[in-house]
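Read through the structure below, which is laid out as structure tokens, and then see the notes.
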Amino acid sequence: MTKIRLHNSRTRKREDFTPLDPENVRMYVCGPTVYDRAHLGNARPVVVFDVLYRLLRHVYGADHVTYVRNFTDVDDKINARAASMQADGDTRPLNAIVQALTDETIAWYHADMDALGALRPTHEPRATQFITQMIAMIEGLIAKGHAYEVSGHVLFDVRSYPDYGRLSGRSVDDMIAGARVEVAPYKRDPMDFVLWKPSDAALPGWDSPWGRGRPGWHIECSAMSHELLGASFDIHGGGIDLQFPHHENEIAQSCCAFPDAGFARYWLHNEMVQVEGKKMSKSLGNFFTVRDLLDQGIPGEVIRYVVLMTHYRSPMDWTAAKAEEAAQTLFKWRKLTEGVVPANVAQESVLDEIAGDLNTPGALAALHKLETQPRALLFNARLLGLLNDGQGAWYSRRKLFYAANDTLKILLQKRRIAKEEKNFARADWIRDALKKRGISITDMPDGKVKPQTSFDFADAYFDKIEQSERKEVFGDLYKSDGSIDASALVDRYISLVASELLDELERIE
RNA sequence: GGCGAGUUGGCGGAGUGGUUACGCAGCGGAUUGCAAAUCCGUGUACAGGAGUUCGAUUCUCCUACUCGCCUCCA
């Protein structure tokens, strides 16, 4: 059996992975708070843990892996968004807006992550469906002396859990010393965090022993993972930014509620996403969603490849140049594997890289070496979620435009044949039709034909094409600085014109 | 201020105590109406300093720089 090795952030070491139960390997990954389109940073853990999910399914069998990724659909950010929609004229009650907003966002999320070729997890619980379990868990924590109620809030008492801070490697005292902690007057300790807080009549809320209220963020994941995976399970994943405080708090809650279970055994954290070398942020204006990229004509598969180009524990930089390199490689691979039946065994070179702490760049390198074996290439690329059926529409479109490159040659050949057959009307039609589109052809003394045009015609043609389609038609011509090579553009223009004329010629005949 | 990660050839990006990463770009060649595509070949690297070692890009320490987290955040 393939030996899986994973970097466990809990121990800061690479460890052999041994599941609690090989018949049911269990993984929990923190999902999105649903109030807006998923951005690239949201997409990274989805892809990273999808690779791990696929690996586990490959090694232990597809029916022996349970993968849970939640939707946080109760949260102050959601309430704030709903309130601002109300302020913008939405007349529905706040609760109705929240419901509609979270439903819609989840549908978007599914569509966008599907486009990235990510498998749907086994369970995708919504936090609001597990309020009962959260309340039960909070009651248990109060009963055990790990939480206390004060002015309608229930707070976790961090001092009651000596290991608090272990995952993120900080002591409670250190945290207080350097942090800008919001110290609510009712907290026993500044680091105590909310398990339950009161909701006024307008906000979403549920009845509880502490009055009508809503859960704190951290308790959601503890309750859902417990309900769906049990008190102890194998892997817990998420972005490195969640390590503190979210995961720290999850551990505190779960380990205090179920002291003997041990909670999650392997903790995996992916690093953050940057854009053109800078942190992605709304203020820098380099903030974009997965949908933005898809709308620009960048296929989901290409986005996925770019994510896989960087090891998950390194910061990943999104650049246009990388996207084009990814598209180029995937185009080549799709061409090589077109119509090919995939092999049925994984290549050791690829599998070992994935199993070695998800070294996806290494796996991609191994795939390059399989280019001479299309069947193996196809099978192994699919281990990474690439080259799947149903994700190749972009390939077919791009291929059409590449194929257009041969068209001028064919068109001029038809003219030559027409001349040989003394069909001068047809030969002249070709020449004049080209001329009308700004392409003049000259018969050289040696019998060769030289097409000529000016950049203006190509440029005008380019302008005429809708922004959204340009990436498809000219995407491969972009240079890394975002400009297009002028002579390449002219060549492409000639090819496209020739292609159109060939079609027309066929219709005439 | 506290904690942590990183610095590899033109670019991206793995990895290793001694042997070609890999891809893109470049260069040379084959093929070619010009290109594209394809194929073959090829150069360049391990931030700086000190130490450990027969030998360090790989281990240790120091310096410089970059980045992240500590506040909602994937």
Side-chain angles (χ1 to χ4, degrees), chain A residues 9 12 29-33 35-36 38-49 69 72 75-77 80 165 168-171 173-182 191 217 237-246 248 269-274 277-282 305-306 308-317 319 321-322 324-326 328-329 331-332 335-336 349 353 356-357 359-369 371-372 399 401-406 408-409 412-413 416 441 444 446-452 476-477 479-480 487-488 490-492 494-495:
Chain A
S9 342
R12 290 148 215 270
V29 173
C30 292
T33 300
Y35 65 101
D36 208 349
H39 59 258
L40 201 55
N42 296 301
R44 189 172 188 197
V46 171
V47 171
V48 164
F49 292 105
R69 187 182 60 211
T72 295
D75 185 274
D76 287 352
K77 282 198 296 287
S168 49
R170 25 190 131 195
S171 73
D173 294 317
D174 283 349
M175 285 184 254
I176 295 167
R180 292 156 280 171
V181 183
E182 181 199 344
M191 294 312 293
W217 175 37
I240 186 71
D241 55 328
L242 292 183
Q243 189 179 41
F244 184 88
H246 183 56
E248 198 72 71
H269 291 103
N270 62 274
E271 256 291 351
M272 312 295 272
V273 170
Q274 301 181 309
K278 291 193 176 121
K279 182 186 161 86
M280 183 165 72
S281 74
K282 283 176 180 163
Y305 190 104
V306 171
L308 298 180
M309 279 170 79
T310 306
H311 185 90
Y312 77 96
R313 285 192 291 108
S314 298
M316 174 203 138
D317 195 17
T319 63
K322 272 186 178 177
E324 190 42 43
E325 187 180 326
Q328 214 172 306
T329 302
F331 183 85
K332 183 159 104 182
K335 192 169 165 192
L336 284 170
S349 59
E353 294 290 0
D357 198 30
N359 186 358
T360 51
L364 292 175
L367 286 178
H368 278 289
K369 292 202 166 181
E371 283 171 4
T372 52
K399 193 173 62 169
F401 291 107
Y402 280 147
N405 276 322
D406 293 328
L408 182 67
K409 196 192 282 188
L412 293 181
Q413 199 177 29
R416 199 190 69 223
I441 51 176
M444 307 298 280
D446 59 3
K448 288 176 183 173
V449 179
K450 189 179 171 192
Q452 279 180 306
D476 55 309
L477 304 184
K479 294 189 289 191
S480 55
S487 69
V490 169
D491 281 354
R492 177 61 49 84
I494 292 174
S495 299

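The chains referred to below are lettered A, B, ... by the order of the sequence lines, with proteins before strands, and numbering in each begins at 1. Since this is a predicted model, take the numbers as computed values, not measurements.
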### Task
Side chain of Lys332(A) only, please: which of rG15(B), rA74(B), rC24(B) is the nearest?
rC24(B)
#### Entry: salt bridge (Lys or Arg N to Asp or Glu O under 4.0 Å) involving Lys332(A) - partner list, sequence neighbours excluded
Glu371(A)
### Query
Can you name the salt bridge (Lys or Arg N to Asp or Glu O under 4.0 Å) partners of Arg69(A), sequence neighbours left out?
Glu124(A)
#### Entry: Between rG4(B) (P) and Arg12(A) (CZ): distance, integer Å
7 Å
### Message
Regarding Thr319(A), tell me which of base, sugar-phosphate or nothing describes its non-hydrogen contacts under 4.0 Å with the strands shown.
### Response
nothing
#### Entry: With Lys77(A) via salt bridge (Lys or Arg N to Asp or Glu O under 4.0 Å) - residues at least two apart
Asp75(A)
### Query
Given the C1' atoms of rA5(B) and rG43(B), what is the spacing between them in whole Å?
33 Å
### Task
Can you figure out which of rC73(B), rG12(B), rA74(B) approaches the side chain of Leu242(A) most closely?
rA74(B)
### Query
Per the side-chain hydrogen bond (donor to acceptor under 3.5 Å, both in side chains) rule, which among Thr360(A), Asp357(A), Asn270(A) passes with Tyr312(A)?
Asp357(A)
### Task
Measure from CG on Asp317(A) to C1' on rU66(B) and round the result to the nearest Å.
13 Å
### Query
With rounding to whole Å, what would you report as the distance between rC65(B) and rG15(B) at their P atoms?
27 Å
### Message
Set out, in order, the CA-CA distance, both residues' side-chain angles and the distance that settles side chain to side chain contact (heavy atoms under 4.5 Å, CB included) for Met309(A) and Met316(A), then state yes or no.
### Response
CA-CA 9 Å; Met309(A) 279 170 79; Met316(A) 174 203 138; over 6 Å; no
### Task
Determine the contact category for Gln243(A): base if any of its heavy atoms lies under 4.0 Å from a base atom, sugar-phosphate if only primed atoms, P, OP1 or OP2 are that close, otherwise nothing.
nothing
### Query
If you measure from the C1' atom in rU60(B) to the same atom in rC73(B), how many Å do you get, rounded?
37 Å
### Task
Look at Lys335(A) and rU38(B) and indicate whether a side-chain polar atom (N or O) is within less than 4.0 Å of OP1 or OP2.
no
### Task
Supply the atom-to-atom distance Glu248(A) CD to Gln243(A) CD, rounded to the nearest 0.5 angstrom.
7.5 Å
### Query
Where do Thr310(A) and Arg44(A) come nearest, in terms of heavy atoms and distance?
CG2-NH2, 3.8 Å
### Summary
Side-chain contact check for Lys369(A): nearest option of rC73(B), rA14(B), rA21(B) is rA21(B)
### Message
Rounding to an integer number of Å, can you tell me how far Tyr305(A) OH sits from rG13(B) P?
### Response
13 Å
### Query
Is the distance from OP1 or OP2 of rG13(B) to the nearest side-chain N or O of Thr310(A) less than 4.0 Å?
yes
### Query
Is Gly41(A) touching bases, backbone alone, or none of the nucleic acid, heavy atoms closer than 4.0 Å?
base
### Message
From NE2 of His269(A) over to P of rA5(B), roughly how many Å is that when rounded to an integer?
### Response
14 Å
### Message
Roughly how many Å apart are rG10(B) and rG1(B), using the P atom of each and rounding to a whole number?
### Response
35 Å
### Query
For atom P, what is the distance between rG26(B) and rA37(B), given to the nearest Å?
10 Å
### Query
Starting at the 5' end of RNA chain B and moving along, which residue's nearest nucleotide shows up first, Ala43(A) or Glu325(A)?
Glu325(A)
## Note on the structure
Ser168(A) and Phe244(A) have their tightest heavy-atom pair at OG-CD1, 3.5 Å
### Query
Say you pick atom P in rA36(B) and the same atom in rA25(B); how far apart are they, in whole Å?
11 Å
### Message
Heavy-atom nearest nucleotide on RNA chain B for Thr372(A) versus Pro361(A): which residue maps closer to 5'?
### Response
Pro361(A)
### Message
Say we look at rA56(B) and rC46(B): how far apart would their P atoms be, to the nearest angstrom?
### Response
14 Å
### Message
Taking any heavy-atom pair under 4.0 Å as a contact, classify His311(A): base, sugar-phosphate, or nothing.
### Response
sugar-phosphate
#### Entry: Qualifying residues under side chain to side chain contact (heavy atoms under 4.5 Å, CB included), relative to Ala366(A), sequence neighbours excluded
Ser349(A), Val350(A)
### Query
Phe331(A) has an atom CZ; how far is it from atom P of rA37(B), in whole Å?
10 Å
#### Entry: Consecutive-pair stems (3 or more, Watson-Crick or G-U, under 3.5 Å) for RNA chain B
B:1-7 with B:64-70, B:10-12 with B:22-24, B:26-30 with B:38-42, B:47-51 with B:59-63
### Query
rA25(B) phosphate, OP1 or OP2: any side-chain N/O from Gln328(A) under 4.0 angstrom?
yes
### Query
With a 4.0 Å cut-off on heavy atoms, is Val273(A) in touch with a base, just the backbone sugar-phosphate, or nothing at all?
base
### Query
Between rG48(B) and rG41(B), how far is it from one P atom to the other, in whole Å?
32 Å
## Note on the structure
The side chain to side chain contact (heavy atoms under 4.5 Å, CB included) partners of His246(A) (sequence neighbours excluded) come to Cys30(A), Trp217(A), His218(A), Cys221(A), Leu242(A), Glu250(A)
### Query
Lys322(A) side chain N/O closer than 4.0 Å to the phosphate oxygens (OP1, OP2) of rG13(B)?
yes
### Message
Distance check needed: rC39(B) P versus Leu336(A) CG, whole Å only.
### Response
7 Å
### Message
Of the listed nucleotides (rC72(B), rA21(B), rC67(B)), which one gets closest to any side-chain atom of Ala365(A)?
### Response
rA21(B)
### Query
For the pair made of CD1 in Ile240(A) and P in rA5(B), what is the distance, rounded to whole Å?
10 Å
## Note on the structure
From NE2 of His368(A) across to C1' of rU38(B) the rounded distance in Å is 16 Å
### Message
Please pick, from rA74(B), rA21(B), rG12(B), the nucleotide with the shortest atom-to-atom distance to any side-chain atom of Met309(A).
### Response
rG12(B)
